[in-house]
Amino acid sequence: MSGATVTADLLVEDGIRFATRATGLLAAFNVRGVLAATDVHVARRLGRLGGEDDEQVLLAAALVVRALRAGSVCLDLAAVDRTVLAEGDEVVDTSDLPWPDPGPWTAACRASPLVGGDDGTATGRPLRLVDGLLYLDRYWRQEQQVRETLARRSAAAPPAVDADRLRGALDRLFTQAGPGDAQRRAVAVCTLRWTSVLAGGPGTGKTTTVATLLAVLRDQDPSLRVALAAPTGKAAARMQEALAEVDLPAADRARIDGLSASTIHRLLGPIRGSSRFRHDRHRHLPFDVVIVDETSMVSLTLMARLLEAVRPDARLVLVGDPDQLASVEAGAVLGDLVAAPADPEPELDRALERVAATGPPVRGGVTVLDRTWRFHGTIARLAAAIRSGDADEAVAALRAGEHDVAFVEDSDLTVRDPAGLAELRDDVVGSAAETELAALDGDAALALSRLDEHRLLCAHRRGPYGVTRWAADVERWLLEAGPVADRDEEWYPGRPLLVTANDHDRGIYNGDTGVVIGTPRGPRAAFARGGAPVEIAPSLLDGIATVYAMTVHRAQGSQFARVSVVLPPAESPLLTRELLYTAVTRARVHVRLIGSEDAVRAAIARPIGRASGLRRRP
């Protein structure tokens, strides 16, 4: 067969993978591209081990595996035909596939020897069916663990707090705030509760609130042991830098100086050769306060490990934006916690009144900051429209003609040098030239600042809308414009760098960006670290790439003065509401969207919607 290679179980034809031994429903869904060969193999193996040959059950098992790869914790059998997407960069019409009827399908799964329920019986089975949601047993247990741990923490007696001292600290730190100020209220909630969630979009003051909270807690008890953590090294470094920049009164600043942040994995203590950690339910973390930033990127598995390691009498504060892109692994825990139903907390509301932090009733310990300080005007209008799912308002904001938003429509991005991108080219070339001039002068701080003046973001990695193509175009534009620095050397001054692997010894992490600068000692790679930039000899670095364009996922947690976003066609399954919102909110001053109105509308109409039981049941 032309263009095909064959193995015992796998046929690869023109890049499409088929499980050659699959039959019936598994074969139909594999050929269409909904199921990968690995999904089919896992389902067939489970069937052989468990004595199950009902092809409806095997299809459900394969779809559960596929759902996990797509970020969902479980499979909603009643809605799967409307939510599943094929692999790759194109949406596949699945309406004519032989989807089982949800009622009989659910009944077949419930009766299967592979499937247990939530009543404690039939333990040891690989699948669980609970409220119409089908799980791999491991993920059902993790979800149960998260739910039960949070319920226990919520039911425990609240922390002992000196209300008069708390009110005094809030009055000192929020001198111009009224009793309904959201940040003041958030600090009070996090002080008065063992577990709290601080949610808000970029620039809404989450970092300022966290810094103020730490000062308040240390005012209550100077001996409190504090841990700061984030899911990635990059996010941990940004958290530490941002907290160091918050303006606080001298006495309060002294209370929080010296705190450092780490990844959640490093905090828990990974055990070499094991998926477990040194700190778990038997060996709790020795901290009184644990604050986790960028929680939207924390998977269900990692959240379960974290919750079991935190002492029951330690405060846990989860910080993040539930509207941004979620973890690349299964789960969207922050979004689930914000959206989940929760009972009123009248005792907490009364305690908040005593410290002049009144407002709407608090549910589930969740406080949402919704006033944006990073950007204003049309960017804020556009971000709000995307977040709320209002495509008409988003398109109107894009076409308003304001100075802070530009919409480049109807360019054929599949051709070289598409029309209408002269301003993008000017931004790219101008930013690169200024970066190179500063780098040639050896001014690391200025070079890093110029590097962040503009960033080109893409949804795809490859293809006409991807990072690889656009990075090559940018390099060509720079050469055509006449580079400031000599490009004959690999480590030329002004070369923009992207770290692709964590290097704990050097203090740089996957996703960090930096720039090469010229020094009397030779070229050095400079990275921002809050105070003076860190300068590292190139010979000491590994896992470094040139970054003239980057994916929106890579940019999460960063901000730039100006951002240009290349949108793929409306049919791309990567184009989601969360991706568009994350891309737009990376900009402080100006955002440029390059794509079609159809792409914008398709993204806004396509929230990721990961399946989970957390937001269904308190």
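The residues of the chain are indexed from 1 along the displayed sequence.
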N-O pairing of Asp404 and Arg588 below 4.0 Å: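 A salt bridge is absent here (no side-chain N lies under 4.0 Å from a carboxylate O).
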Do side-chain atoms of [X] reach the backbone of [Y] as a donor and acceptor pair under 3.5 angstrom?
X	Y	answer
Lys206	Gly201	yes
Ser388	Ala385	yes
Arg592	Val408	no
Ser296	Pro322	no
Ser449	Ala445	no
Arg586	Ser558	yes

Full working for side-chain contact (heavy atoms from CB on, under 4.5 Å) between Ile544 and Val499: CA-CA 5 Å; Ile544 296 290; Val499 179; 3.9 Å; yes
Any idea which heavy atoms bring [X] and [Y] closest together, and the distance?
X	Y	answer
Ala583	Val552	N-CG1, 3.8 Å
Trp470	Trp477	CZ3-CH2, 4.2 Å
Ala570	Arg606	O-NH2, 3.0 Å
Ile517	Gly442	CD1-O, 4.1 Å
Ile536	Leu540	CG2-CB, 4.1 Å
Leu478	Ala432	CD2-CB, 3.5 Å

Not counting sequence neighbours, which residues clear side-chain hydrogen bond (donor to acceptor under 3.5 Å, both in side chains) with [X]? List them please.
X	answer
Gln240	none
Thr546	Arg495
Glu535	Arg521
Arg455	none

Set of salt bridge (charged side-chain N to carboxylate O under 4.0 Å, His left out) partners for Arg461, sequence neighbours left out: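 Listed in chain order: nothing, the list is empty.
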Arg469: salt bridge (charged side-chain N to carboxylate O under 4.0 Å, His left out) partners, not counting sequence neighbours: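 Asp473.
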Rounded to the nearest 0.5 Å, what separation is found between the [atom1] atom of [X] and the [atom2] atom of [Y]?
X	Y	atom1	atom2	answer
Leu63	Leu68	CG	CG	11.0 Å
Met297	Thr232	CE	OG1	4.5 Å
Ile594	Leu424	CD1	CG	4.5 Å
Arg425	Arg476	CZ	CZ	6.5 Å
Leu306	Leu318	CG	CG	7.5 Å
Glu578	Ile604	CD	CD1	11.5 Å

State which residues pass side chain to side chain contact (heavy atoms under 4.5 Å, CB included) with [X]; sequence neighbours excluded, sorted by chain then number.
X	result
Leu446	Ala438, Asp443, Arg450
Val366	Val197, Val338, Val368
Asp323	Asp321, Arg387, Tyr581
Ala472	none

Within residues 557-570 or reaching into it, pairs that qualify as salt bridge (Lys or Arg N to Asp or Glu O under 4.0 Å) - sequence neighbours excluded: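 Residue pairs with at least one partner in residues 557-570: Asp427-Arg562.
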Chi angles and distances behind the side-chain contact (heavy atoms from CB on, under 4.5 Å) call for Leu541, Trp491: CA-CA 12 Å; Leu541 294 174; Trp491 297 93; 4.3 Å; yes
If we only count heavy atoms from C-beta on, is the [X] to [Y] side-chain gap below 4.5 Å?
X	Y	answer
Val333	Thr295	no
Arg399	Glu597	yes
Val64	Tyr139	no
Pro496	Tyr548	yes
Gln142	Met303	no
Leu382	Phe407	no
Leu369	Leu198	yes
Leu228	Asp293	no

Verdict with supporting geometry, Thr500 and Arg554, side-chain contact (heavy atoms from CB on, under 4.5 Å): CA-CA 10 Å; Thr500 59; Arg554 285 274 193 188; 4.1 Å; yes
Counterpart residues, ring-ring contact (aromatic ring centres under 6.0 Å, His included), relative to His590 (two or more places apart):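 Testing His590 for ring-ring contact (aromatic ring centres under 6.0 Å, His included), a comparison that skips the adjacent residues, returns none.
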Verdict with reasoning, Leu593 to Leu580, per side-chain contact (heavy atoms from CB on, under 4.5 Å): CA-CA 10 Å; Leu593 286 189; Leu580 183 59; 4.1 Å; yes
